[in-house]
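These notes are about the structure you will find just below.
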Amino acid sequence: MNNEPVDMGGFQLTSDAAMGRRNTLRVDARARLLAEVHDVTRLPEVLAYPAIAGGKVLVLGEGSNLLIRGDIDATVLAIANRGVETFQRDDHVLVRVAAGERWDDFVRWSLGQGLAGLENLILIPGTVGASPIQNIGAYGVEVAEFIDTVEAWDTQQAEFVILDKAACAFSYRHSTFKQQAGRWIVVAVTFRLPRERPLSLDYAGIAEEMEAMGVQRPTPYHVAEAVIRLRSRKLPDPAVIGNAGSFFKNPIVGAVQADAMALAHPGLPAWPHAGGTAKLSAGWLIEAAGFKGARDGDAGMSNRHALVLVNHGKATGPQLWAFAQKVIAGVEAMFGITLEPEPQVV
Ligand code: EPU
């Protein structure tokens, strides 16, 4: 049961709020207070509200990259502003998108406008405001490439700020927003989208999928369709089975360890990474350690993709977290590599 929200004009407050429908792992937890903010200009007032000021605040989008380990003794801040504005430039368009917009809706809209770049990132769950935090990426593209600026409330300086791309310090599934967690509340993201751009077709599976589709001259639409087909086949749909996408990051190891791993495990996929390091496939490691499709009760790893933690029904936060720990321990025992969770764990 949810308590009735109280409308404060531009934002709504709900005490002892049910979170089950607000996280895609479908963990049935409660939050001390939920503040849903439609008008972000009121954020300073929301944060100064007596029940909120000075306490812990957890910012939430669609809850698609989150594991809730227990009831949340904090204010959950759901940023629910909407709107898209465009600014035409010579060879590109600047698109300012409210943080509360759904990422996938925005990708489809951008393709409909004839803008290129985001086609590889179609069908990623979550909101636009969450996209810079973990620098979402898929099929050889990371969102950082298209971000111009991020607008946020800076809780340290108590003011709205605009961070340019360099200030965001993006890297693989990482940014300054994750580094200094809790400091910024993202309210809008401005993307710089070209009208034309070479397609990114290198990631394994894309070219094969296009061939199967009979595509001769690929456009961004074809790439999007190929990605939809690949994702639908490989990744469990959160609408059908609770999950938060990849639960672990692909581990990054130094050159020496990468060579040793390649020698010992010839099948292990590895990609060259910054500064001579290598990114190894966590999915492969988890499958090789015997966890693909494994489960304890309702908590387990997907039988479609070993990297995805799934809730088969009524798994609790602690049960899901315990299973994740079991996977970390199993992979560490077999390969000496410690996997790190990719979603936010609260
Ligand atoms: N693999 C296995 N077993 C599995 C799954 C994968 O052995 O059960 C091996 C296969 O060799 C496969 C390789 O891993 O070819 C790579 O798999 P995949 O293409 O699915 O990519 P990934 O590295 O497992 C990453 C992202 C995904 C993103 C895909 C596609 C991370 C943590 N995950 O997964 O992002 O969709 O690439 O680009 O980087 C997410 O972040 O939530 C997410 C789903």
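Whatever order the structure lists them in is the order used to number ligands and atoms, beginning at 1.
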> Would you say Glu211 has more than 12 foreign heavy atoms packed within less than 6.0 Å of its CD?
Replying inline: no
> Near Gly245, which atoms of ligand 1 are under 4.0 Å from a heavy atom of that residue?
Replying inline: 42 (O)
> Which heavy atom of the protein is the closest neighbour of atom 37 (O) of ligand 1, given with residue, atom name and distance?
Replying inline: Tyr203 OH, 3.5 Å
> Under the 3.5 angstrom rule, does the side chain of Asn311 hit a backbone N or O of Ala315 as a donor-acceptor pair?
Replying inline: yes
>> Quick check on contacts: which atoms of ligand 1 are under 4.0 angstrom from a heavy atom of Leu307?
In response: 24 (O)
> Among protein heavy atoms, which sits nearest to atom 38 (O) of ligand 1, and what does the distance come to when rounded to 0.1 Å?
Replying inline: Tyr139 N, 2.5 Å
> By number and element, which atoms of ligand 1 are closer than 4.0 Å to a non-hydrogen atom of Phe248?
Replying inline: 32 (C)
>> Is there a polar contact between ligand 1 and Arg304, counting only N or O atoms under 3.5 Å apart?
In response: no
> In the protein, which heavy atom is nearest to atom 17 (O) of ligand 1, and how far is it?
Replying inline: His305 NE2, 4.0 Å
>> Checking a contact table here: which protein heavy atom is nearest atom 27 (C) of ligand 1, and how many Å away?
In response: Ser246 OG, 3.6 Å
> If you measure from the Lys or Arg side-chain nitrogens to the Asp or Glu carboxylate oxygens, is any gap between Asp16 and Arg32 under 4.0 Å?
Replying inline: no
> Mind checking whether Phe106 and Phe191 have parallel, tilted or perpendicular rings, split at 30° and 60°?
Replying inline: tilted
>> Which option wins on minimum heavy-atom distance to atom 16 (C) of ligand 1: Trp284, Phe291, Trp271?
In response: Trp271
> Using a heavy-atom cut-off of under 4.0 Å, does the side chain or the backbone of Pro269 touch ligand 1, or both, or neither?
Replying inline: side chain
>> Can you tell me how the ring of Phe335 sits relative to the ring of Trp284, calling it parallel under 30°, perpendicular over 60° and tilted otherwise?
In response: tilted
>> With respect to Ala244, determine whether any N or O atom, backbone or side chain, lies less than 3.5 Å from an N or O atom of ligand 1.
In response: no
>> Here's one to test your reading of the geometry: is the NZ or CZ of Lys279 within 45 degrees of the ring axis of Tyr172 and under 6.0 Å from its centre?
In response: yes
> Name the one of Arg96, Arg108, Arg82 that satisfies salt bridge (Lys or Arg N to Asp or Glu O under 4.0 Å) with Glu101?
Replying inline: Arg82
>> Please determine whether side-chain contact (heavy atoms from CB on, under 4.5 Å) holds for the pair His174 and Ser171, giving the CA-CA distance in whole Å, both sets of side-chain angles, and the decisive distance to 0.1 Å.
In response: CA-CA 5 Å; His174 202 66; Ser171 58; 3.3 Å; yes
> Strictly by modelled atom types, are Gln88 and Arg195 linked by a side-chain donor-acceptor pair under 3.5 Å?
Replying inline: yes
> To the nearest 0.1 Å, how far is atom 39 (O) of ligand 1 from its closest protein heavy atom, and which atom is that?
Replying inline: Tyr172 OH, 2.7 Å
> Quick one: nearest non-hydrogen protein atom to atom 35 (O) of ligand 1, plus distance?
Replying inline: Arg173 NH2, 3.0 Å
> Counting only heavy atoms not in Gln157, do more than 12 fall under 6.0 Å of its CD?
Replying inline: yes
> When you measure from atom 9 (C) of ligand 1 to every protein heavy atom, which one gives the shortest distance, and what is it?
Replying inline: Ser281 OG, 3.5 Å
> Between Lys279, Lys292, Arg231, which one has a non-hydrogen atom sitting closest to atom 36 (O) of ligand 1?
Replying inline: Arg231
> Nearest protein heavy-atom contact for atom 3 (N) of ligand 1: which residue, which atom, what distance?
Replying inline: Glu287 OE1, 2.7 Å
> How far apart are the closest heavy atoms of Thr41 and Pro44, and which atoms are they?
Replying inline: O-CD, 3.4 Å
> With atoms numbered from 1 as shown, which atoms in ligand 1 lie under 4.0 angstrom from a non-hydrogen atom of Ala138?
Replying inline: 36 (O), 38 (O)
